[in-house]
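Data block below; observations after.
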Amino acid sequence: MSHDLLSATTRYCAVLGQPIRHSASPAMHNPAMAALGLNWRYLAFEVNPRRLPQALEGCRAMRFLGVNLTVPHKLLALPLMDELDETAAQWGAVNTVAFEARDAAGRWRPLREFEGTAPDEIRTRGYNTDADAILRALEEDLAFQAAGSRVLVLGAGGAGRVAALKLASAGASEVFLVNRTTSKSAGVGDEIVRRFPATRAIADYPEGRIDLVVNATSLGLNPGDALPLDINRWSPGMASKAYDMIYRPAQTPFLALAKNAGCQTANGLGMLLYQGAKALEIWSGKAAPVEVMREALRRQVYG
Ligand code: ATR
């Protein structure tokens, strides 16, 4: 599927981040936009966090349809939004922004519905598509069902916190939390107890068999990294499924260990895919061509 030529009617989306050079999002979104028959393009911009307000204002002024935000902008963007979708409010981070304008009846509509002369007043609505993507990746890539499950989450940074909370919100019965900085895993445990009291939160390794272990630390990104878990607290057969949020390299030492122990495993490519698919659905109002996006991502990331 090839794109129409760039013209004065081409419309734009973009990802803003710092660093941005290694983002796979343009490679995933442009073929998807073409497959949907849209003369849209998806760009990537390196934006210093100090300039995020100006960058978003520029996108608004130039009638971009939407933007994705990545490191380090997801928290900074919260107070900059005119409106917060409940997904952004619930998870306290914005990774997708949609631009909206008022129709003749005064209702706010996505900007794609306005062609020709621009409505002057455009507002931003912030969404979070990361949290749902975690669960969708676990469901589709590992056939994992959260309801009633026992899970171990390694890492309590931004990604680990959202994964643990999302699993609790989806009905996990027990969430075990392990992090180098124990005050952070304890904090996530407290948040689970407060927000999802049906789930038990335990800031320690599990006893007995669990359904899933998730690596949400950055350990495994670089050659020679330590394992994200204490090998003395891990036994083969401890977990039936293992997920690593890292997708480059395709198999981290953690995933190799889990695979050797008989776990069903998946890496983080699915999370990247599903957060992007949902963002494209928000901007376009159409079902995302997920398989086109998956293939494009695979080619970009693994060559
Ligand atoms: P992200 O948004 O990707 O979650 P982050 O918030 O910086 O990024 O979180 C990184 C995670 O990797 C944290 O759980 C971090 O542990 P700390 O909370 O103790 O910092 C973990 N991590 C990073 N480097 C680590 C290392 N060398 N050893 C153990 N854990 C590490």
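Counting starts at 1 for both ligands and their atoms, following the listed order.
- Of all the atoms in ligand 1, the ones that sit under 4.0 Å from a non-hydrogen atom of Gly155 are 14 (O).
- Within the listing of ligand 1, atoms 17 (P), 18 (O), 19 (O), 20 (O) sit less than 4.0 angstrom from a heavy atom of Thr181.
- Close approach of ligand 1 to Ala156 (heavy-atom distance below 4.0 Å) involves ligand atoms 14 (O).
- In terms of protein heavy-atom proximity, atom 26 (C) of ligand 1 is nearest to Arg180 NH1, 3.1 Å.
- The environment of Lys278 atom NZ is sparse: at most 12 non-hydrogen atoms of other residues, nucleotides or ligands sit within 6.0 angstrom.
- Counting only non-hydrogen atoms, the option in Gly157, Ser218, Ala159 that gets closest to atom 22 (N) of ligand 1 is Ser218.
- In terms of protein heavy-atom proximity, atom 29 (C) of ligand 1 is closest to Leu219 CD1, 3.4 Å.
- Side-chain atoms of His29 never come within 3.5 Å of backbone atoms of Leu43 as a donor-acceptor pair (strictly under, hydrogens ignored).
- Comment: Asp130 does not engage Lys166 in a salt bridge, judged by the lack of any side-chain N to carboxylate O separation of less than 4.0 angstrom.
- Atom 14 (O) of ligand 1 has its nearest heavy-atom neighbour, among Thr217, Thr70, Asn179, Val153, in Asn179.
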Could you walk me through whether Tyr243 and Asn267 pass side chain to side chain donor-acceptor pair (under 3.5 Å), step by step? CA-CA 6 Å; Tyr243 193 85; Asn267 73 23; 5.9 Å; no
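- For the pair Glu281 and Lys286, the salt-bridge criterion is not met [side-chain N within less than 4.0 Å of a carboxylate O].
- Of the protein's heavy atoms, Gly158 N, 2.9 Å lies nearest to atom 6 (O) of ligand 1.
- Between the Arg112 side chain and the Trp283 main chain, a donor and an acceptor come within less than 3.5 Å of each other.
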